[in-house]
Amino acid sequence: MAVYNASELTLILSDIIKENITVEAWDWLQTQTNGINNSGISTTFGLLPRKTGKAQIQVSSGQQGLINASKLDLTYNNWTADRLSRVWLLTQYREEDQDKYFRTIENLFSAAEMNEQVALYSTLPFLSYPQLWVKRCAEGIRSNIGIVLEAIMYHNPYPAENLPEPAWNQMVLKAFFTDKQVNKIYGLDDRANSELARILIDYARERHAAGRDINSMLWYLVEKFVTEQQLNNMKQGHF
Amino acid sequence: MCCSHNIEERSVPATQSTEKFDMDLIKGMKFFDPHVHMTSRTTDDYQAMADAGIVALIEPSFWLGQPRTGPGSFKDYYSSLVGWERFRSSQFGIKHYCTIGLNSREANNEPLAEQVMEMLPLFIYKDGVVGIGEIGFDDQTAAEEKYYRLQLDLAKESGLPVQIHTPHRDKKRGTQRSMDIAIEHGLEPHMVIVDHNNEETVKEVLDRGFWAAFTIYPFTKMGNQRMVEITKQYGPERIMVNSAADWGISDPMAVPKTAALMKLNGISLKDIELVTYRNAITAFAQSGQINEADFVTAIDQSARFEGNSILRGGQQPRIDKSSIIIS
């Protein structure tokens, strides 16, 4: 994940937050982020929704234009004020000592409630030391909580930019498995691969045998790696 | 936390009432169960509770039937109350809240209790944490008192209500002591919910301005016929009913069943609503963490739009349990 994009985005995000929460809440957030440190961060992170509220945010067309200009296919329109504010809060946390930084963020993950988990996984593309979060991201993909999976899968550039192939494939498979909107996964085309196609064909065969539907997006990820004849055969149930 | 009953010692009444629970009696009513340990319950329970009109509940932290041996299992337990269990509940359209605290039994392991106390601030400010609980006395030991007091201070500092577990043995004195100590620590009675009351404790609890919660739990606590009498005698003010259903033989339908029995016995709908819904919300909403708009009502689980389920908050469509076919 290009860090330069992240810092540019952070500016846009602060602009969106400012327009979506009260002046008091914005001032509070500023005070909290000034020199935020390892000990204060978990309390601030936890009680943040009490200040910002949880209303769905509105992104102006101008702001969306700026996001689009950053060349990232991202949308924040269905986010809540607390989720975006939490992400932004963590972007303001700096720590030179990599181990300390890691422990502080991991500590937030390990005690997170449902909405906190959503915010934390949404923060992955903005965190420093991107490679440190690969295991954490893979762990999140093991979650069975729908909104947590969606925070990782939908419009989140971190997995495409950082996950090794096996973990990436696991995420895509899990998206099919849990009925997610696969087209919202960031980087789906760039990360398509033959091993994923093989796994998906296997999965399609199993679904077919069980008399269950097959999501049409599955064929989209398979078609580059098989002949047209093979594809048509499989679509008709001949594996 | 509920039962210290020993299953072998339990005496089953010779004549059991066989009156059937008629769901039509409570049709259209909604309920709030302010004390139920869902971690120990199945999805069938969640489904039955939702069907009976339970729209929200509070899961107090308690012990797990056997003592934990390290701080990690406490941390995972608290985090499951705000994480996985909250999600499970949402699948049935039931809003899940919790109270966080060190229960009295495990307060007796002091080295561990110290570590748990250090952990509590990490959880009590989280969304949907509506109080410190359930805390108080079990054996009424010095260690229990020490951690009860420390947690009262924590409640005061955080502005959260307190959910007090009152002991099974020496109950009346234990209840009085719990209230005395709460006052001593500067808590206002309206911020304290005294749980597991009975005919012996209720008068003083109400007279002193505390909330009086009643646990409808077979064999060891209140039966709901007694609850009907108490409501008739004391009126609905500051009284609430809960199931405290847990891993023991208990009934997660205790609140709707009690409402039905109250209705059969001529208690007004307004009063029933207070003791099975409204009062608990009023008491715990002092945490600032309960918004009734978050309760999901009238779920049409079959509704789909262009093939996409519109179930809210990750709810799952229900399965027909009466069918022999599992697909």
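Nothing here was measured: the structure is a model prediction, and the numbers come from that model. Chain A is the first sequence line, chain B the second, and so forth, proteins listed ahead of strands; every chain is numbered from 1.
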So between chain B and chain A, what donor-acceptor pairs come in under 3.5 Å?
residue, atom, partner, partner atom, Å
Lys75(B), NZ, Asn107(A), OD1, 3.4
Lys75(B), NZ, Ser110(A), OG, 2.6
Val82(B), O, Met114(A), N, 3.1
Arg86(B), NH1, Glu113(A), OE1, 2.9
Tyr125(B), O, Arg50(A), NH2, 3.0
Lys126(B), O, Arg50(A), NH2, 3.4
Lys126(B), NZ, Ala111(A), O, 3.1
Lys126(B), NZ, Glu116(A), OE1, 2.5
Lys126(B), NZ, Glu116(A), OE2, 3.1
Asp127(B), OD2, Lys54(A), NZ, 3.0
Ser327(B), O, Arg212(A), NH2, 3.4

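Residue contact with chain B, scored on non-hydrogen atoms closer than 4.5 Å, involves the backbone of Ala112(A) exclusively. In this structure, chain A has a heavy atom under 4.5 Å from the backbone of Ile124(B), while its side chain stays farther away.
Per-residue counts of heavy-atom pairs under 4.5 Å with chain B were compared for Pro49(A), Gly211(A), Ala111(A), Gly146(A); the largest is that of Ala111(A).
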